[in-house]
Amino acid sequence: MHLAIEQVAKSFGPVVALDNVSLGVGAGEFVCLLGPSGCGKTTLLRIIAGLLTMDSGRLILAGRDLTQVPARLRGFGIVFQSYSLFPNMSVAANIGYGLKLRGTPAADIAKRVNDLLALIKLPQIADRYPWELSGGQQQRVALARAIAADPALLLLDEPLSALDAKVRAELREEIRDLQRRLGIPTVMVTHDQEEALTLADRIVCMSKGRIEQAGTPADLYARPTTRFVADFMGVSNLIQPSTLSALLPQMMQGYPGGDHLLCLRPEHLAVRPGTLGKVVSTTFLGNITRLKLDTPLGMLVAELPGQASFAPGDGIDIAPDPAHGAWVVA
Ligand code: ATP
């Protein structure tokens, strides 16, 4: 592991923000810390950055213990949610700031700044000031500044959340491309599951100061292990084993017993005319139609490709695909 976070604990008075969290980040890996407000993800990122001290635990980077090393000596690049560019400096001066502090010769800085401006696709703005840039452009510059000095780790604290949806989607793609191309190990905090699914090699889903589940995006979406993760990663359709065994016994395979529910993603629920339940509402979303269904298994959500030929009040049967259910701890 490039970075090892070992048994990190942090409390604020009576509030346990991190409860002995351990996590590794591989070389070149993009890890997203995902979870609802208050789960501890920002605290963990700030501890990794060195902006906050931990109560106990260790941080090891490439074999070196960084636990006591101050933020400015860790050599990490950081991008925050709100644009944190120096307002009184040009774009070029902002991007070259860290290199200048290190004593890099001016000509080398100028070349690096130009290369980075090309990389973030803003070659013409070196002499502009932050207030002359859009929010998306400012975040691109903040990203260029963060990677200018070849950081050992890139830390992103909800860098896209202040941007509008279209710019956010564009910049998401660019961050992804850039991170892949440069291979910088990256830890990003987000509360947006779609963002985590698109960006991460590995998602670390957190709840109440603990890691609830960590795995690839496909893992967390298709094979959540707890109800919390199932709900957080999308529409979960959680079904009780008792109703399932009575109505759809073929779906009981793999039931681990006890306190488990079956999670069925809406795209794996085939719907046809029938008598089991009723369509409550239909929502056309362009590429799919979302149906809300009232069934003896509970209220379920199904998503059918294109424009579905169902209307509210229609009687339906459902045929879930047994290959796609996940048993989660209730
Ligand atoms: P958000 O998305 O809202 O930032 P988060 O998942 O990043 O949430 P943290 O900011 O890490 O969560 O906070 C974890 C817990 O620690 C919360 O209960 C929060 O109120 C508490 N906390 C965080 N920072 C402080 C602080 N400086 N003083 C007191 N409590 C704090």
Side-chain angles (χ1 to χ4, degrees), residues 3-25 29-59 66-68 70-72 74 76-84 135 138-139 142-143 146 153-165 167-169 171-172 175 185-200 202-215 217 220-221 224-234 236:
L3 176 78
I5 295 152
E6 297 176 356
Q7 296 283 316
V8 169
K10 178 73 181 177
S11 293
F12 297 99
V15 177
V16 178
L18 293 175
D19 187 3
N20 290 310
V21 169
S22 295
L23 172 69
V25 180
E29 193 180 23
F30 197 128
V31 170
C32 274
L33 306 178
L34 174 71
S37 184
C39 72
K41 56 197 187 296
T42 309
T43 300
L44 184 55
L45 194 85
R46 292 175 68 81
I47 284 176
I48 297 171
L51 301 170
L52 201 61
T53 55
M54 57 183 98
D55 297 340
S56 59
R58 293 201 312 167
L59 199 70
L66 288 190
T67 312
Q68 306 296 336
R72 71 196 150 77
R74 291 191 183 191
F76 297 166
I78 310 178
V79 179
F80 295 100
Q81 171 180 356
S82 52
Y83 321 123
S84 48
Q138 289 188 47
Q139 283 307 68
L143 192 65
L153 189 68
L154 179 61
L155 300 173
L156 307 173
D157 187 3
E158 307 236 18
L160 305 176
S161 60
L163 305 172
D164 71 51
V167 178
R168 194 160 65 216
L171 203 49
R172 193 156 75 189
I175 288 179
T186 300
V187 180
M188 170 162 143
V189 160
T190 182
H191 61 266
D192 180 339
Q193 52 96 8
E194 197 183 307
E195 203 165 286
L197 285 171
T198 17
L199 281 168
R202 198 151 46 97
I203 297 176
V204 176
C205 189
M206 296 179 64
S207 165
K208 299 179 184 157
R210 290 165 176 265
I211 295 176
E212 188 87 8
Q213 190 178 350
L220 262 68
Y221 184 77
T225 53
T226 66
R227 179 181 195 142
F228 177 86
V229 176
D231 282 341
F232 205 78
M233 299 305 299
S236 52

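Order of listing sets the numbers, starting from 1, for every ligand and every atom in it.
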Margin query: Counting C-beta onward and ignoring hydrogens, is there a side-chain heavy-atom pair between Arg227 and Ser236 closer than 4.5 Å?
Written below: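 When only atoms from C-beta onward are counted, Ser236 and Arg227 do not touch, as no gap falls below 4.5 Å.
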
Taking every heavy atom of Arg74 against every heavy atom of Ile47, the minimum-distance pair comes out as NH1-O, 3.1 Å

Lys41 side-chain N/O to Gly35 backbone N/O, donor-acceptor pair under 3.5 Å: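 Side chain of Lys41 to backbone of Gly35, a donor-acceptor pair under 3.5 Å: yes, one is there.
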
Determine whether a donor-acceptor pair (N or O, by modelled atom type, separation under 3.5 Å) exists between the side chain of Thr67 and the backbone of Leu59.
yes

Given the options Leu66, Ile48, Ile78, Leu153 meets side-chain contact (heavy atoms from CB on, under 4.5 Å) only with Ile48

**Prompt:** Exactly which residues line ligand 1, taking a heavy atom under 4.0 Å from it as the test?
**Reply:**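 Lining ligand 1: Phe12, Val15, Ala17, Pro36, Ser37, Gly38, Cys39, Gly40, Lys41, Thr42, Thr43.
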
Across all chains, not counting sequence neighbours, the ring-ring contact (aromatic ring centres under 6.0 Å, His included) partners of Phe228 are Phe232

